[in-house]
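Proteins get letters first, then strands, A, B, ... in listed order; numbering begins at 1 in each.
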Amino acid sequence: MKEKELRRSLAVLPIGTVMKLTDLSARQIRYYEEQGLIQPERNAGNRRMFSLNDVDRLLEIKDYLTDGINMAGIKQIYAMQKQRAAQKEADLARPLTDQDVRRILHDEFLNIGGLKSQRGPNYPQH
DNA sequence: GTTCTCACA
DNA sequence: TGTGAGAA
């Protein structure tokens with residue numbers, strides 16, 4: 001199933017199409033790119049070209065925003081996912097203990113809860 | 001007709 | 001985040 005994933009990563013959508021698909025303004029889409037939440041490619045004319053994965057990511061971002069999570073929070077969430085992905089290999093060599101799992105879940109709930117605010121990036125660190 | 005960057009009554 | 005200007 002690698003073929004499918006490759007197609008979803010093909011940047012073929014202009015910003016206008018993405019706007020209709022995500023119901024986001026061009027301003028917002030460009031801003032999210034500026035924040036590093038998405039990395040659309042550029043064509044010869046310097047126009048942004050998005051992939052289906054980008055669209056999914058934008059819809060996901062929209063949901064997080066709806067849930068009251070701000071940019072800083074979303075960034076942190078993706079940062080965590082990245083860490084998780086990088087850590088996955090290590091986990092394969094040394095599976096997580098029940099204690100590790102409990103600690104991770106605990107941290108997760110604490111963080112998500114702390115991010116659910118319209119305030120700045122001053123969430124509690126335990 | 002679209003999209004890009006930059007700036008702000 | 002919206003919006004308008006000026007260019008591509």
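- Rounded to whole angstrom, the span from the CD atom of A:Gln28 across to the P atom of C:dT1 amounts to 4 Å.
- Cation-pi geometry between A:Arg57 and A:Tyr32 is not met: the NZ or CZ atom fails to fall both under 6.0 Å from the ring centre and inside 45° of the normal.
- Atom CE in A:Met19 sits roughly 11 Å away from atom C1' in B:dT2 (whole-Å rounding).
- Rounded to whole angstrom, the span from the CD atom of A:Glu34 across to the C1' atom of B:dA7 amounts to 13 Å.
- At the heavy-atom level, A:Gly16 lies under 4.0 Å from the strands shown only through sugar-phosphate atoms.
- Here the P atom of nucleotide C:dT1 and the CD1 atom of A:Ile61 are 10 Å apart, to the nearest Å.
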### Derivation and outcome, side-chain hydrogen bond (donor to acceptor under 3.5 Å, both in side chains), residues A:Asp100 and A:Thr97
CA-CA 5 Å; A:Asp100 289 331; A:Thr97 65; 3.2 Å; yes

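- Residues A:Ile29 and A:Ile15 are in side-chain contact: their nearest non-hydrogen atoms beyond the backbone lie under 4.5 Å apart.
- Using the Watson-Crick or G-U wobble rule with both distances under 3.5 Å, B:dA9 pairs with nothing in any strand shown.
- Ranking C:dT1, B:dT5, B:dT2 by closeness to the A:Arg48 side chain, first place goes to B:dT5.
- Following rounding to the nearest Å, A:Arg30 (CZ) and B:dC4 (C1') show an atom-to-atom distance of 6 Å.
- Atom CG in A:Asn43 sits about 16 Å away from atom P in B:dT2, given to the nearest Å.
- Taking every side-chain heavy atom of A:Ile15 into account, B:dC4 is the closest of B:dC4, C:dG2, C:dT1.
- For the atom pair CG (A:Leu10) and CG (A:Leu52), the distance works out to 8.5 Å, reported to the nearest 0.5 Å.
- With rounding to whole Å, A:Tyr31 atom OH is found 16 Å from B:dT5 atom P.
- Atoms NZ (A:Lys20) and P (B:dG1) sit 13 Å apart, rounded to a whole Å.
- The main-chain N or O of A:Glu60 is never found under 3.5 Å from a side-chain atom of A:Asp63 such that the two would form a donor-acceptor pair.
- The phosphate of B:dC8 (OP1 or OP2) has no side-chain N or O of A:Arg27 nearer than 4.0 angstrom.
- For A:Arg42, the listed nucleotide lying nearest its side chain is B:dT5; candidates were B:dT5, C:dT1, C:dG2.
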